[in-house]
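Quick note on labels: first sequence line is chain A, next is B, and so on, each numbered from 1. Here the structure is a predicted model, which means the values were calculated and not measured.
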Protein chains: 2
Amino acid sequence: MKLAIDAMGGDYAPEKIVQGVELARDKYTDLKFILYGKEEKIKEVLKNGERITIVHTDSVIEMGDEPVRAVRQKKTSSLVLAAQAVKDGKADALFSAGNTGALLAASLFIIGRIKGVDRPGMTTTLPALKGPEDSFTMLDVGANAESKVKNLHQFAVLGNFYSANVMGVTSPRIGLLNNGTEEDKGDPLHKEAYQVLSQDPNLNFIGNVESRELLNGAADVIVTDGFTGNAVLKNTEGTALSMLKLLKETILNAGVQGKLGGLLLKPAFKTVQNKMDYSKHGGAVLLGVKAPVVKAHGSSNEIQVSHALRQLRSMVTTNLTKNLADYFASRPTDEN
Amino acid sequence: MKLAIDAMGGDYAPEKIVQGVELARDKYTDLKFILYGKEEKIKEVLKNGERITIVHTDSVIEMGDEPVRAVRQKKTSSLVLAAQAVKDGKADALFSAGNTGALLAASLFIIGRIKGVDRPGMTTTLPALKGPEDSFTMLDVGANAESKVKNLHQFAVLGNFYSANVMGVTSPRIGLLNNGTEEDKGDPLHKEAYQVLSQDPNLNFIGNVESRELLNGAADVIVTDGFTGNAVLKNTEGTALSMLKLLKETILNAGVQGKLGGLLLKPAFKTVQNKMDYSKHGGAVLLGVKAPVVKAHGSSNEIQVSHALRQLRSMVTTNLTKNLADYFASRPTDEN
């Protein structure tokens, strides 16, 4: 299996990307990599070229570039070349930690959507602190600023497949993020989506879920429009980070007693941080395109990069996108 | 000044409501109260009837009642009577910890909107862990499932007034909750709202704010549509609670060392909890109706009830709703 890597995307590229690739390469003997980017810079970091091919290019899509224009104009950029390799069958899956919008555009324009999926959904895995599973899947977290009922329905189908096949959840519980649990809650979009989801016999739809209950593992798949999903994802990150920071500062300012207490609780804090760290589940997956595509956080370190590569491997191994395409081919078209 | 109290709304009504009223009464000698509800039950708790009038009624709007129907049909319920007292000028402001939808309906149908405000916004105050102020104001957090550009604009004006007059912030920084900081981010609603807000010379609009930055005090007033605002508010609550719970459980499971560390850090944890506790700023305010209306959390204790009453007092003292009405009367009508 071969993974196409945008080696130049991300705050610490190519260093952390290359290191992450080597970690994954050492761990999974079935993985081969094509790294797209500045050969000299990549070689400065690369320790061992085993199962790693470098394709040199000087062109890079920057974080500030307007995504669609950048993908159309920078045809030899590391990202566009990597996406093209997947399109041409030279690689099985695509990884980038760079410009999210550009990865989205490259995936849509070059790799293409699965037939029957109107809008792919950006999919993330978050920790579930209670409930039967230790994590849950949420989409769309920002690929689309606007969604229709059929998009929400397709997100549910995509998330259901991902949860079952990649996360290993049996009959995933599908919840609709809404501003109340009753079935008549929300704006017309969410009211109608509730009805459509509850009528799909292939989904284990459990109803509306409020954002208060997300980390309590209220569902295995949370279906949401990209605007709300993006707000909730960033808010979860922000609130968790702010609380940990506040705690740290308070302890540092609590004198000798605080410092001693902090020392004694170091292992406990580490446990909490580990449980909240969802990068161990990999990056955000763009579900609904014809090949596995994963976006790692721009600030990813080598461990986080290697988690995202493991996740791509698992998507390729389970034949996720092929199965999704077959399923959508056999499914009646959404009408809304 | 006289406050109309729905003594029967809330999980611990009338007990905690009555106790909260007495706390506020003892603290603020200018406050008088009319309590609406079951006289016998209220009297069981009431220690001292000074400046407190009880108006008996057996009818109560329950948490599960359909709001609009309940307000229309239960004309002698504690909530409807309290709202009617405000409408009739017998009281200056309205308090309830009961059914939010019913309070919203009673406020709209009985007290009425300020002329020029198309949709009142539910307004909450959250902690700012960084930045110049220790809190910020956010609206709408759920009075409206759908919003138009003019609604977002009016929320900004309402929030600006509240922040300046009740929270005492000079020239409040107004931010628009959006899925990116650039001005072209978001769906058409948020893109257009950005333009309208930036063109209002009476607002200190600082641009888009991502939900990740909320607790960092990125703005003094966060303007959002009620659907996203509701999701973000509940998510902040849920994430903060889940983290504190996880920390507590981890410490309890960390053996003797953990327990000792937890003991030493008890004051630090208390500080964190205090900083995160936004009930000290009062309840959620329904801004845009003709009199001050505050909704306390259903699970409020007497301290939280007394905070919400202090907040109502401050809104009455600063003549907030009269000033808002004057401002809206002098303002050109929103066109969008």
Side-chain angles (χ1 to χ4, degrees), chain A residues 127 129-130 142 144-146 177-180 185-191 210-216 224 226-247 249-251 253-254 257-269 271-272 275-276, chain B residues 127 129-130 142 144-146 177-180 185-191 210-216 224 226-247 249-251 253-254 257-269 271-272 275-276:
Chain A
L129 303 176
K130 292 203 292 187
N144 310 281
E146 283 182 290
L177 186 64
N178 206 338
N179 59 5
K185 280 287 177 174
D187 55 7
L189 170 71
H190 289 84
K191 282 182 193 174
E210 291 190 279
S211 59
R212 189 188 281 127
E213 296 300 327
L214 292 185
L215 296 187
N216 288 335
T224 170
F227 193 87
T228 313
N230 191 268
V232 163
L233 174 64
K234 287 175 178 164
N235 187 65
T236 303
E237 282 179 17
T239 305
L241 267 181
S242 294
M243 293 227 14
L244 286 174
K245 223 175 190 172
L246 173 63
L247 198 61
E249 283 169 11
T250 310
I251 289 173
N253 289 325
Q257 178 180 337
K259 288 201 181 71
L260 182 58
L263 211 63
L264 287 168
L265 285 185
K266 221 171 179 178
F269 289 144
T271 307
V272 170
K275 278 207 182 171
M276 290 302 294
Chain B
L129 304 176
K130 292 204 290 187
N144 310 282
E146 282 182 290
L177 187 65
N178 206 337
N179 60 5
K185 281 287 177 172
D187 55 9
L189 170 70
H190 290 83
K191 282 182 192 174
E210 291 190 280
S211 60
R212 190 186 282 128
E213 298 300 327
L214 292 185
L215 296 188
N216 288 335
T224 171
F227 193 87
T228 313
N230 191 268
V232 163
L233 173 65
K234 287 174 179 165
N235 187 66
T236 304
E237 281 178 17
T239 305
L241 267 181
S242 293
M243 293 230 7
L244 286 174
K245 223 176 190 171
L246 173 62
L247 196 61
E249 283 169 11
T250 310
I251 289 173
N253 289 326
Q257 177 181 337
K259 286 200 182 70
L260 183 57
L263 212 61
L264 287 168
L265 285 186
K266 220 170 180 177
F269 289 144
T271 307
V272 170
K275 278 209 182 172
M276 291 301 294

**Student:** Taking all non-hydrogen atoms of both residues into account, name the closest pair between Val232(A) and Ala231(B) and its distance.
**Tutor:**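 Shortest heavy-atom contact: CG2-CB, 3.8 Å.
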**Student:** Please classify the contact of Lys185(B) with chain A as side chain, backbone, both or neither, using a heavy-atom distance under 4.5 Å.
**Tutor:** neither
**Student:** Considering only heavy atoms and a distance below 4.5 Å, find which of Glu146(A), Met243(A), Lys245(A), Lys130(A) pairs most often with chain B.
**Tutor:** Met243(A)
**Student:** Please determine, among Leu246(A), Leu260(A), Thr271(A), the option with the most heavy-atom pairs under 4.5 Å with chain B.
**Tutor:** Leu246(A)
**Student:** May I ask you to name which of Asn216(B), Thr239(B), Asn235(B) has the most heavy-atom pairs under 4.5 Å with chain A?
**Tutor:** Asn235(B)
**Student:** Is it the side chain or the backbone of Lys275(B) that comes within 4.5 Å of chain A heavy atoms, both, or neither?
**Tutor:**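 When you check distances to chain A, only side chain atoms of Lys275(B) fall under 4.5 Å.
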**Student:** Rounded to the nearest 0.5 Å, how far apart are CD of Glu213(B) and OG of Ser242(A)?
**Tutor:** 8.0 Å
**Student:** Side chain, backbone, both or neither: which part of Glu210(B) has an atom under 4.5 Å from a heavy atom of chain A?
**Tutor:**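 It is the side chain, since no backbone atom gets that close.
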**Student:** Relative to chain A, which segment of Leu247(B) carries a heavy atom at a distance below 4.5 Å: side chain, backbone, both, or neither?
**Tutor:**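 Both parts, heavy atoms under 4.5 Å.
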**Student:** Could you check which of Leu177(A), Asn144(A), Leu244(A), Asn179(A) has the highest count of heavy-atom pairs closer than 4.5 Å to chain B?
**Tutor:** Asn179(A)
**Student:** Nearest 0.5 Å please: distance from the CG atom of Leu264(B) over to the CD atom of Gln257(A).
**Tutor:**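 So the gap between those two atoms works out to 5.0 Å.
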**Student:** Nearest heavy-atom pair of Gly142(A) and Asn230(A): which atoms, and what distance?
**Tutor:**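 The answer is CA-ND2, 3.9 Å.
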**Student:** To the nearest 0.5 Å, what is the distance between CG on Asp187(B) and OG1 on Thr228(B)?
**Tutor:**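 Going from the CG atom of Asp187(B) to the OG1 atom of Thr228(B) covers 8.0 Å.
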**Student:** Is there a side-chain contact between Leu241(B) and Leu215(A), using heavy atoms and a 4.5 Å cut-off?
**Tutor:**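 In short, these two side chains do not touch, never coming nearer than 4.5 Å.
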**Student:** Among Gly180(B), Pro267(B), Gly238(B), single out the residue with the greatest number of heavy-atom pairs under 4.5 Å to chain A.
**Tutor:**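 Answer, by heavy-atom pair count under 4.5 Å with chain A: Gly238(B).
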**Student:** How far does CG of Leu265(A) sit from CZ of Phe269(B), to the nearest 0.5 angstrom?
**Tutor:** 5.5 Å
**Student:** Which atoms of Asn178(A) come close to chain B, meaning under 4.5 Å heavy atom to heavy atom: side chain ones, backbone ones, both, or neither?
**Tutor:** both
**Student:** Is Asn253(B) close to chain A through its backbone or its side chain, or both, or neither, when contacts mean heavy atoms under 4.5 Å?
**Tutor:**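 Contact with chain A is absent: no heavy atom of Asn253(B) under 4.5 Å.
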**Student:** Is Leu129(B) in contact with chain A via its backbone, its side chain, both, or neither, using a 4.5 Å heavy-atom distance?
**Tutor:** side chain
**Student:** If every non-hydrogen atom of Pro127(A) is compared with every non-hydrogen atom of Met276(A), which pair is closest and at what distance?
**Tutor:** CG-O, 3.9 Å
